Amino acid sequence: MSDKKQMRIALIGTGFMGRTHSNGYRRVPNFFPELAYEPVLQVVCSRNEAKVKAFAEQWGYASYETDWRKVLQRDDVDAVDICTPNDMHAEIAIAAAEAGKMVLCEKPLARTVAEGLKMVEAIEKAGVKNTVWYNYRRIPAVMLAKQIIDSGKLGKIYHYRANFLQDWTINENLTQGGGNWRMDVDSAGSGVTGDLLAHCIDTAMWLNGSIKDVSAVTETFVKERIHEKTGKMEKVGIDDACIFHCHFENGSLGLFESSRYARGHKALYTLEINGRNASIRWDLHDLNRLEYFDHSDESIVRGWRSIHVTDGDQPYMNKWWVPGLSVGYEHSFVHQVADFLKAVETGSECHPNFRDSLETQRVCEAVIESANTRAWKDTGVETELK
Ligand code: SOE
């Protein structure tokens, strides 16, 4: 029996994200042995009994439920982890906070700012620990980018640009709704803006400060798809692609693009930031590397350096193997679990928390409004992301 304090987790939702989070909980005790808390996979919940039972067995959950309200009534649960489609985030998060549970919520926080605001109010009123899974922040190379930017090495920032490109929805026969809830505007809230650009916006505002205003275009390339709920051809309400540019508070310009129709790209998240003295770029397909250009290098050897972020003095890397050996996508979730447990231990915040993610939501909403009205929109972002 371990002498650690237990953090009993209730996972709601057994899709792709349910697996990434479960893997995070399982790995943490092995690789972060110093933490006072250890996650306990107490209960997993999903409507389909056969599926949730199989998931519980596969991932080692002690029990399962088919009704999330029952989960919240249980007094053997400390934290609720929401991995459902976006239309259920608000209802579950608010009820979980009212039940006094800690809440971990998949991104985006909500479908709209109005929903997100209610979630923030409920969480802050209850005073429960909370976080939102914008996992890409916790890839070691991205965390290193944050450290370099915060050290001031880049000087005054002029440009920030990011892409998130996929191609999985090009097929016109793909349905909307049901398992394809990301294609259904009522379930998802938006298309690539909330699903993919939200990641880019979270990282951007964390690295480069608040976004003031945006001008966007969106497109829905396939206008109608069969809806799983009605079995009929229905109008598609999501944005299939979105491009926006913006002003940051620090005076720099931002350029963002996302599409699910970029043939050949599966999950190409790239970001670049250009300062007066130096630049940084990163690419999810080569996630252990950070590219860095420093204008103060001696001119004859000056050029882009490719930093292999695997050394023990680089973020998180003393937890893993030996220098030179890399980590992957799944480690970002392990790191988020570890940081959440540490925050509970020390009484600090695990950023991005609900309030941070409400700011990201404000930018997403301004982007959609700008595209719909063909006008610049102020984002109304109130606080700097931490
Ligand atoms: C969509 O395909 C998706 O799974 C997003 O929902 C995730 O947030 C992103 O990290 C990868 O792509």
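Atoms within each ligand, like the ligands themselves, are counted from 1 in listed order. Only a predicted model underlies this, so the values are computations on that prediction, with no experimental measurement involved.
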Please work out whether the ring planes of His331 and His335 are parallel, tilted or perpendicular, with thresholds of 30° and 60°. tilted

Whether over 12 other heavy atoms sit under 6.0 Å from Lys232 NZ: no

List the atom of Leu207, the atom of Ile149, and the distance in Å for their closest heavy-atom pair. O-CG2, 3.5 Å

Counting only heavy atoms and a distance below 4.0 Å, can you name the residues contacting ligand 1? Phe16, Lys107, Tyr136, Gln166, Trp168, Arg182, Asp195, Leu196, His199

Would you check if the side chain of Ser332 reaches a backbone N or O of Tyr329 as a donor-acceptor pair within less than 3.5 Å? yes

Compare every heavy atom of Asn274 with every heavy atom of Ser279, then report the nearest pair and how far apart it is. OG-ND2, 3.0 Å

So if you build clusters from Ile, Leu, Val, Met, Phe, Trp, Tyr with side-chain heavy-atom gaps below 4.5 Å, do Phe256 and Ile368 land together? no

